[in-house]
Protein chains: 2
Amino acid sequence: MVLDDIDKKILRLLQENAHYTLKDIANKINLSLTPVHDRVKRLEKEGVIEKYVSILNKKKLGNNLTVYCQVTLTKQTYDTSEGFNQAILEMPEVVECNYVSGNFDYMLKIIIPDMESYHHFHQKKLSVLPEVSLINTVFVISEVKSTTVLPI
Amino acid sequence: MVLDDIDKKILRLLQENAHYTLKDIANKINLSLTPVHDRVKRLEKEGVIEKYVSILNKKKLGNNLTVYCQVTLTKQTYDTSEGFNQAILEMPEVVECNYVSGNFDYMLKIIIPDMESYHHFHQKKLSVLPEVSLINTVFVISEVKSTTVLPI
DNA sequence: ACTTTTACAGAAATATTTTCTGTTTGAAAG
DNA sequence: CTTTCAAACAGAAAATATTTCTGTAAAAGT
């Protein structure tokens, strides 16, 4: 799918604020409602726009600790990976999980209330997985930037 | 601010899909429009709901490479940190940046078209910052999980 | 040269959000 | 003990937004 300049403008706006109305967008890019509507629907259908979500404030929900876990598996086989992946998908405190290159196998991002909850998560949920051999924890001291906006 | 069970149900729904209508939500939690409307407005006003955004598909935008950069600064002073932070905020390919504990100072997440773009970013944008002393790159081979949904 | 497609505009129909009015309930004040 | 007040909710009306329909003009394909 080819994205022209108008598509890109629409995407930039919608990335910022999913509650912009078609009229808002139409005004900002000097078009009528129809093409804006058609383009947004097309972008949704093609999967360029994956979904619309609400971003909540972690701290106001009581999640005051963010950590990265660098995980090494016991074996680098497909079955071991798949088992680990499935387990991770079930854990709501794991908000990111990527299989990576380097000295460890997975990089995880965990959002959790406090150190005590992390201790529990580490000891009772993560390290007990049969696929997990080693966990190295990197604590976030201060968040500088966190955005869902992709460069277009 | 105290969140009761109804607030939490609303937040869980809106985290999933910011385009649920008040009616959708009202139906799902067996309430009329009024309390749903009032609660959503209150949650927005209190900052529990920070914003509504559209999630775009990275690959469909041509961003096929994700990497973590582990950055060590030249000095651990406030001014050095602040200088680095400001520079990072200006870089659209950096979607996450956290000051962390451990063997390095910052953990960055970079979303970028390909290895060539990363090479350019690394050499011409990141390593040239006067605050940066060392960069260790961890390449994402495969994305297992990536969510904006926080545990409630 | 003709047909088809694409991109757009305007307006009508439908749906949603917002505002208004009012009821019930439970807690605080007299 | 009863009166007052505020919070939580329901229903309906008003204001907005989205969706659908009709139509035009320009570009692309036959």
Task: Nucleotide nearest Thr21(B) when distance is taken to its side chain, options dC9(D), dT17(C), dT19(D) - done: dT17(C)

Open item on the list: Are Arg39(B) and Asp4(B) packed together at the side-chain level, in the sense that at least one heavy-atom pair is separated by less than 4.5 angstrom?
Closed with: yes

Task: Out of dA10(D), dT18(C), dT19(D), whichever nucleotide has its closest atom nearest the side chain of Thr34(B) - done: dA10(D)

Task: Distance, rounded to the nearest Å, where Leu22(B) contributes CG and dT19(C) contributes P - done: 12 Å

Open item on the list: With a 4.5 Å cut-off on side-chain heavy atoms, are Asn57(B) and Val48(A) touching?
Closed with: no

TODO: Give the rounded distance in Å between these two atoms: CD1 of Ile6(B) and P of dA7(D).
DONE: 16 Å

Open item on the list: Between Lys23(A) and dT16(D), is there a contact of a side-chain N or O with OP1 or OP2 at under 4.0 Å?
Closed with: no

Open item on the list: Check the phosphate of dT19(D) against His37(A), side-chain N and O only, distance under 4.0 Å to OP1 or OP2. Yes or no?
Closed with: yes

- [ ] Let me know, please, whether Asp38(A) or Leu31(B) comes out on the 5' side of the other along DNA chain D by nearest nucleotide.
- [x] Leu31(B)

- [ ] Take atom NZ of Lys41(B) and atom C1' of dT16(C), then tell me their distance rounded to the nearest Å.
- [x] 12 Å

Open item on the list: Distance check needed: dT18(D) P versus Tyr20(A) OH, whole Å only.
Closed with: 14 Å

Task: Whole-Å gap separating P (dA8(D)) and CG (Leu33(B)) - done: 18 Å

Task: Length of the line joining Ile10(A):CD1 and dC8(C):C1', which is rounded to integer Å - done: 12 Å

Open item on the list: Exactly one of Ile110(B), Val67(B), Thr66(B), Ile111(B) should register a side-chain contact (heavy atoms from CB on, under 4.5 Å) with Val140(B). Which one does?
Closed with: Thr66(B)

Open item on the list: As an exercise, state the distance from CZ of Phe84(A) to NZ of Lys75(A), rounded to the nearest 0.5 Å.
Closed with: 15.5 Å

Task: Any Met115(A) side-chain heavy atom under 4.5 Å of His119(A) side chain - done: no

Task: Interatomic distance where CD1 belongs to Ile25(B) and P belongs to dA15(C) [whole Å] - done: 18 Å

Open item on the list: I want to verify a distance call: between dA8(D), dC8(C), dC20(C), whose nearest atom is closest to the Pro35(A) side chain?
Closed with: dC8(C)

Open item on the list: Rounded to whole Å, how long is the line connecting atom CG of Asp24(A) with atom P of dT17(C)?
Closed with: 15 Å

Open item on the list: Does a side-chain N or O of Arg39(A) approach OP1 or OP2 of dC8(C) to a distance below 4.0 Å, or not?
Closed with: yes

